[in-house]
Amino acid sequence: MKNSFEEKVYKLCRSIPKGKVAIYGQLARLAGNRKAARAVGYYMKTNEDVPHTPCHRVVAADGSLTGYSGRGGIAGKRKMLIREGVQFKKNKVDLGYSLWKKSS
DNA sequence: AAAATGACGGTGT
DNA sequence: TACACCGCCATTT
């Protein structure tokens, strides 16, 4: 069993509310490793909990949608987020308005 | 065990 | 704002 960094990342990913988005660095930081953003992305890619983990709600630090192994790729991901209520700025997410905050 | 890869982040140009 | 380079971590080969 993992019960460690990996599990924390997945758990946090599932904790992201609809209409909000989190950044890889944020998940990495909450999981305990601020610089593990890269590894976090790797988990999303492998993404075992596919329908269980809304990996599409995770974006880059500047709101850019980097990669998506799911259907539609980046385009589909962007559309999906918009559909959930996330505000977009051109090709990037409006973090100042839709960035998820761990709060409590 | 060592080297290569990747859905990143930050800084420099 | 866009592109390039370096540094970081975890996983895979």
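Protein chains get the first letters and strands the later ones, always in sequence-line order, with residue 1 at the start of each.
- Note that A/K8 lies outside the cation-pi zone of A/F5, set by a 6.0 Å cut-off to the ring centre and a 45° limit from the axis.
- Per the geometry, CE belonging to A/M44 stands 13 Å off P belonging to B/dA7, to the nearest Å.
- If you measure from atom CG of A/L95 to atom C1' of B/dG9, you get 13 Å, rounded to the nearest angstrom.
- Regarding A/I23, its CD1 atom lies at a distance of 6 Å from the P atom of B/dG9, rounded to whole Å.
- Within the 3.5 Å criterion, the main-chain N or O of A/Q87 finds a donor-acceptor partner in the side chain of A/S98.
- None of A/V86, A/L12, A/L95 except one satisfies the side-chain contact (heavy atoms from CB on, under 4.5 Å) rule with A/W100; the exception is A/L12.
- Tested against A/Y68 for a side-chain contact (heavy atoms from CB on, under 4.5 Å), the candidates A/M44, A/K45, A/M80 yield a single pass: A/M80.
- Using the six-membered ring where Trp is involved, A/Y10 and A/Y43 have ring planes that are tilted, between 30° and 60° apart.
- Residue A/C55 is the one, among A/R34 and A/C55, whose nearest nucleotide of DNA chain B lies closer to the 5' end (criterion: closest heavy atom).
- The distance from atom CZ of A/R38 to atom C1' of B/dT5 is 8 Å, rounded to the nearest whole Å.
- The NZ atom of A/K8 sits 15 Å away from the C1' atom of C/dC9 (whole-angstrom rounding).
- Checking side-chain atoms of A/N33 against main-chain N and O of A/K35 turns up no donor-acceptor pair under 3.5 Å.
- Distance CG (A/L27) to C1' (C/dC9): 14 Å, rounded to an integer number of Å.
- The pair A/K20-A/E84 does not meet the salt-bridge criterion, since no charged nitrogen lies less than 4.0 angstrom from a carboxylate oxygen.
- The separation between A/R29 atom CZ and C/dC9 atom P is 16 Å, rounded to whole Å.
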Kindly give the atom pairs (protein nitrogen or oxygen, nucleotide nitrogen or oxygen) under 3.5 Å for nucleotides 10-13 of chain C.
residue : atom : partner : partner atom : Å
C/dA10  : O3'  : A/Y43   : OH           : 2.8

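- For residues 65-74 of chain A, proximity to DNA chain B is found at A/T66, A/G67, A/Y68, A/S69, defined as any non-hydrogen atom under 4.0 angstrom from a strand atom.
- Counting only distance, with no hydrogens or angles, the side chain of A/K102 and the backbone of A/Q26 share no donor-acceptor pair below 3.5 Å.
- Backbone-only contact: A/K92 has heavy atoms under 4.0 Å from sugar-phosphate atoms and none from a base.
- In this structure, A/T53 and A/N47 have side chains that are in contact, with non-hydrogen atoms separated by less than 4.5 Å.
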